2 protein chains.
Amino acid sequence: MSSRLRTAGPFPGPDHDHAACVTRGLDAAEARCAEAGARLTPLRKRVLELLLAEGHRAVGAYDLLDRLADTDDGGKRPAPPAVYRALDFLVDQGLAHRLASVNAFIGCAWPDAAHRPQFLICRDCRAVAELDGGGLARNLDAAAEAAGFTLLDAVVEVGGLCPRCRPDETSDPDAASA
Amino acid sequence: MSSRLRTAGPFPGPDHDHAACVTRGLDAAEARCAEAGARLTPLRKRVLELLLAEGHRAVGAYDLLDRLADTDDGGKRPAPPAVYRALDFLVDQGLAHRLASVNAFIGCAWPDAAHRPQFLICRDCRAVAELDGGGLARNLDAAAEAAGFTLLDAVVEVGGLCPRCRPDETSDPDAASA
DNA sequence: ACGGTGATTGATACAATATAACATTGCGAT
DNA sequence: ATCGCAATGTTATATTGTATCAATCACCGT
Ligand SMILES: [Zn+2]
Ligand SMILES: [Zn+2]
Ligand SMILES: [Zn+2]
Ligand SMILES: [Zn+2]
């Protein structure tokens, strides 16, 4: 029975209301930037939009450049620094995350709250589940403290196979819970 | 006085017997490869040696190429694939680790036992402390299981400032838990 | 020893990711 | 208007990592 609930888990199914995810992310971005006195410029917003539009999958910086060209009138593709600077901004604001283990980025799934994210990243399809790493983060804090180490960033990324890509899918391929 | 105990922590001080670390790593490599039926060829051994010689600091693949040239008679620098293949081998055998967050590698500090490593990585000096991530790893296992995710690799890397690089070095670093 | 076989290394070229450096633009404050 | 500053554009380059195929080496059975 639990298998039918799969879409309720950290990996949203293809049927979930993803437009709501995008809207929520963009709204949160506006709010957070207003609060922080930062400027969510058109370029930055468009990059965030593209990240979110990817649907909980990791996106590379150069893929973003291609998409920017596609969605731009005239198809002008910006140069790499443009997108990297936008990504830096979004990551700084906590609106996107960098996935170091795959050299890619993802729009934040929980942009409202401060959080210490950790990620499950599918090797096959690049699907990403963003979990809250509360307990684990405290564990890391303690380890760093014990080592006399000043923690600045924690990278917790688990590579593997998501529910839809792992082979023992056979008995129940209807993951869509439909 | 307590500051003198700092070297006992996960970050070994410059005064520790590092030659023993190197010897231990190389011996463990021989043993493990013999047991696994793998071949610790001269190139692989030399790469491991260079990794270990770095003294618990992260080393980039191209730095290794430079060092290979330096330590080679005639100064012949191998091509990138040579060192990447050696690194792949060492990582597969658990004799070295890849540090995804800094695109670098490090010789394993505990090459004898199977382990689920996690790392503290200094942004200033690239010093690396390798911790055993036992409890944290079980935490990740549980999270992956709950998400219907097949875990293949866990990347746990904490960036920050090591005891010797952090600024508040002066007053009283009680970290040593004297 | 001999030749077959697969693993390892060499060598060339290239792909993918990311940044340095400087010019230009937009926009509000003086 | 113009100064100052943040953001973006532009060009070039740095850094990290692979694909591909040729040559060589270790090992095994004969
Ligand atoms: Zn969604
Ligand atoms: Zn998948
Ligand atoms: Zn040592
Ligand atoms: Zn340091």
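Below, chains carry the letters A, B, ... as their sequence lines are ordered, and counting in each starts from 1. Since this is a predicted model, take the numbers as computed values, not measurements.
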Counting primed atoms plus P, OP1 and OP2 as sugar-phosphate and everything else as base, spell out the protein contacts along nucleotides 4-18 of chain D at 4.0 Å heavy-atom distance: B, S or - for each nucleotide, 5' to 3'. ---SBBBB----BBB

Indicate the atoms forming the closest heavy-atom contact of L26(B) with L52(B), along with that distance. N-CD1, 4.0 Å

On a heavy-atom basis, the closest approach of F11(B) and P163(B) is CD1-CD, 3.5 Å

Without placing hydrogens or testing angles, list every side-chain donor-acceptor pair under 3.5 Å for residues 80-100 of chain A, not counting sequence neighbours.
{"from": "R85(A)", "atom 1": "NE", "to": "P81(A)", "atom 2": "O", "distance (Å)": "3.4"}
{"from": "H97(A)", "atom 1": "NE2", "to": "H115(A)", "atom 2": "NE2", "distance (Å)": "3.3"}
{"from": "H97(A)", "atom 1": "NE2", "to": "E130(A)", "atom 2": "OE2", "distance (Å)": "3.1"}

Rounded off to whole Å, could you give me the [atom1]-to-[atom2] distance for the [X] and [N] pair?
X	N	atom1	atom2	result
L64(A)	dA16(C)	CG	C1'	14 Å
R77(B)	dT9(C)	CZ	P	18 Å
D66(A)	dA16(C)	CG	P	11 Å

Within a strict 4.5 Å, meaning less than it, do heavy atoms of the W110(A) and D132(A) side chains meet? no

Please identify which of these residues, D70(A), D63(A), D66(A), meets the salt bridge (Lys or Arg N to Asp or Glu O under 4.0 Å) condition with R77(A). D66(A)

